[in-house]
Each structure stands twice: as C-alpha cells, then as structure tokens.
Amino acid sequence: MAKTAALGRRVELVPMDPHCQDITIALYRQEAADGPRYQVHSFSGRPGVVARLDFVAGATAVLGGMAAVGPGQVRFACGGAHELAARRAFLEACKLDPAQPLAARPLQFFDKKTGHQIHVAPLGGGVYQVALEGGDAGRAAAVAGGLVKLGQMQNPAPDQAAFPCGQAHDALIGLLVVRAVNVRATLREQEMQAARGQLAAPSAQQQ
Amino acid sequence: MTAQPMNSRQRVLAALRRQPVDRTPVCNPTSVATVELMDLVDAYFPHANREPELMARLAATGYTELGFDSIMPVFSIIQESSALGCKIQWEQKDNWPTVKMREPIWEKPEDIVIPPDFLTHPDTRCVIEAIRLLRREFGDEVAIVGKTMGPWSLGYHGFGVEPFLLLSLDDPGKTMQCLDRLKEATVAFGLAQIEAGADALTLPDHATGDLVSGEYYARYLRDLHIEFSQRLPAPIILHICGRTVDRMEYIAQTGMAAFHFDSKNAPAESMEIVKKRISLVGNLNNPETLFSKGPEEVRAEVYRNLEAGVELVGPECAIPLQTAIENLVEIPKAVRDWHREQATRN
C-alpha cells in the first residue's frame, strides 16, 4: 500500500532543511471552497519533524500574513491564491533561525544600492506605493516592478503595485520588498536551486 | 495485447521480448529516486549510493509508492568507475555523485587495468548486494533492473571527456584498444548483477547525440554492443541520451532487448526506424515535463508514446531529484487509463 498521501499540487520544495536533519520540506496547494490552502509537509518520520513543520507553517503564516487553518496548513484571509508570494513566504520561513522571535517584516527597507530608505505605503484596496527618501522615481518604479513580478501583482502606476484581490497584504509586501530591489538575483537563485539534482550525461558535465 | 493478467515482472520481461502484454509496462531503466522518497524511507544520498540496505530500500519505492513495474537500484553512473579508481565527488542528499573527470586516471590504453577487487569494492558490491536484497524481498513479482556502464562512458570517466574524444579522432586503433579493455569491466559487473538476481540490465554508453555522430556509433560501438548482447545472458537496455535517430538503425541491429531513448526523439519517428527489431522504452521528458510541469502534461506525453506503440513507458533518463511525486504516479495511472479507453473504444 502506498504511503504517499494525496497532498495536492506541490508548489515549492526545500530539498535539505538546514535546521532539521536535512529533511525535505514542501509546500502543497490544495483547493477548498473558501480558496486555496497551503500545506507544509515532509515525508520524513525522523524525530523532531512534526515540531519543525509546525514552526515552518507558523512562520509562513506570520511572514505572509496568512491564517493557520489546520495542522501545517495556512491560507490567505482574502481567499486568493497569491501563489508566488506564498512560495516566497514558505522559503523564507524555512531559512529562519527557529531560536529567533517571529515577526512580520516592516514596510520600510534600507536600499544598499542607493543608500536610501525605501518606504511602501498602503493606499487602500490592495494598492501600495513605493517611495525612496532621496526621491529617486526611477528606482521606486523599479522596486514597484519587482513587487509586481514577485507577488503576481498589477501595476496601476509606475511606482505602485496592487494585489488583484483588492485586499491589503502588508506582511507580504514587507516580505517581498527586500527581494524586489534585486529581482534578477532572486530569480537566478531560484534557477540555481532548481538545477541541482538534475543528472547530466558525462559528456555534459563540467567537472 | 493479451487478456491474461500478468504481474509486473512478467509484463516487463514480455515487453522486452516484444511479446504480448496485458498492458504496457511502466519501466525505469534509470533512477526514479527523489528527495521526498529518500525521506519516506529514510535512505538519503549519498549513503543510498554506498550502503546496500539503503540502496534497496530507496529503489523499492519505485514499485511500492510510484507503481512502476520495475525496480532500479543503481541510481548513479559512477559505481564501477569508483571501483576502477576514479575520484568521486559524492555530493549530498540533493545532488548526484559524479566522477571528477578533470582528474583523469588514465592517459593511454595500457593504463587501463581492471583491479582484482573490482567486484568486491564497496561501491560495486553495494549494487550487487542491493539486487540480492531486492530479489529476496520481492521474489518474482517485479522486474529488477541492474546497470552496467558501457566502455565509452567508462572511457569518459577514466580519461576525461575531451581527452577521450580527441583520442578517438586522432588514433582509432588506440581508442579500440581502450574500449576492448574496458568492455571486460562492463561484462564482469553485468554478470555479477545477473547472478545476484537482476532480470535485465541497463547499459548506458554515452555516445550522446550532442558529441558523437551516428557514423561514430557504427564505427566504434555497434560491434561491441552486439558482443554485450551475446555475452550477457539477460535482456539489455541500451541507454544513450540526446537526439539519436541517426544511430537507431545501427542500435536496432545489435540484438539488445531495448533502447532507452530521449525525448529529443519523437516516439513515432523512432518506432518507424527500429521497426520492432528492438523495444523502445522511456521518452518522457525530464526537465521540461516531469520536473517543471504537472500531471496533465505528463499524461499527454504518456499517451503520445502509447499511441506510437512504444513498448515500455518511463522517464527518458534518471529523473531530477526534486521531481514531484504526483507527476511520477501519474505515469502508471495514465497508462492504465489509456488501456481502459482503448478497451472501451474496441
């Protein structure tokens, strides 16, 4: 009898969890009447895994501004999927040091490239405006563009990003703005992670 | 097709002989291990490449969890190269062990010596013991497929890819000497696995479409592959990656049981070339479909192969270690559904 449960569609994977014996943790998307739910799951039966999954699900909820709806299960209160953003919340949750306190990230972020503080202000209806202390409109637009890409958002104005659900998601914005300043690096990191574990023929190997 | 129900082993062996089957078997001539399956049975890379119990336990999930008709315990392509003395990068759970080909161990044919402990070296013995364990556990219910690397691949590992290819251009005589020496490792390891209980052997010989032409295959490898099919008393599944339609005619002449073919070759086009002289297996795309897409796309590729008459369905090569289980279990599901639909139509 197969032990693999029907968990839904796997949307993200951390192949080796540095905080729990190198277990693999994945995020599965399940469809429900009140909107998609995300299940944090591992097939490992090693000691400590249940507690680790509880932590990751809890941290995903905090970082993503999501609600816990069952053991290891979270969803957005708006009922939307926001899948890319949920994946990012999960990935960041897996990286967190479990000994540190959990908190949603603020809507301000220091931009090393310009040396200025970035502020993201909620305008209502799920719309957020990006501004830099130095008033660099081009950089603000680039960061808003990064949010659009990473959060599957809309772009009502060059310096704005809007969630299609029309609801506020401050925690998600705080999470994503840190990555939005360098989307290319984020995507490159994702590609490199995905390329691991693909077997190449000897003729195609680099070493 | 036959109406007689078959078990997995009977189904695979019949398809390898191009005999009637109750349904198309789902066969993995190369690895279907994933990081999630490693967790499920607590058998992680790299240890599952080096300890027989872990190797057998992880391999068995292909049958017990995914529903394939075969079990293939030789996940990597480096076991015998390690026993031959190559330096190995063993990596960790989420990556494949590889031969450090930038640190070659041979420069000329005379350097090739098969060590006396070749079959008792821990990394070859691991495979042999794992096959023995699997045979003991599963008896005759599922096909157990071993793997022995061909001399061309071993040449890459021992000399390095570039030096070996240059040698093949500059000195065909010496290249043949290399292949003649290396083929004995292929045969010895293959025979040991058959004796341990392997029903069939995958024989990867990486004369891949990107680096080696069809003419090269005919010149250097066809006769050797004919020799393997005569010396190894079990069905052999030849594996070559890449676009290989330019050598399928030669491959079909070798007497091997099956050719494990890449998704770069269309199933119908490949079937047309081999003309039932050799079974075809594989073809499901790894990076773009099994790894990156969902069950629907997997199903479409399975159907494409079944409609072309491909004898055994499976992934084109060792699947990426992060492949989702839902995509893998879709393969046997799709095969069963396709046969059900065919039966209803008729």
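Order of the sequence lines sets the chain letters (A, B, ...), proteins ahead of strands, with each chain counted from 1.
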Residue from B/I319, B/D39, B/T208, B/T61 scoring the most non-hydrogen pairs under 4.5 Å with chain A is B/D39
Side chain, backbone, both or neither of A/R46 within contact of chain B (heavy atoms, under 4.5 Å): side chain
B/F164, part contacting chain A, at a heavy-atom distance under 4.5 Å: neither
Shortest non-hydrogen contact from B/G85 toward B/I105: O-CG2, 3.6 Å
State the CG-CZ distance between B/L321 and B/F291, to the nearest 0.5 angstrom. 9.5 Å
Less than 4.5 Å to any heavy atom of chain A: does that hold for the side chain of B/Y44, its backbone, both, or neither? side chain
Ion pair A/E189/A/R179, N-O distance below 4.0 Å: yes
For the OG1 atom of B/T202 and the CD1 atom of B/I237, what is their distance to the nearest 0.5 Å? 4.5 Å
Please look at B/E326 and chain A and tell me whether the side chain, the backbone, both or neither of the residue comes under 4.5 angstrom of a heavy atom of that chain. side chain
Cut-off 4.5 Å, heavy atoms of chain A, and the answer for B/P295 is neither
Would B/S82 and B/Q79 count as having a side-chain donor-acceptor pair, cut-off 3.5 Å? no
Given that the side chain runs from C-beta out, which part of B/T323 has a heavy atom under 4.5 Å from chain A: side chain, backbone, both or neither? backbone
Any ion pair linking B/R299 and B/E297 (charged N to carboxylate O, less than 4.0 Å)? no
By a 4.5 Å heavy-atom criterion (distance strictly below it), what part of B/N327 contacts chain A: side chain, backbone, both, or neither? neither
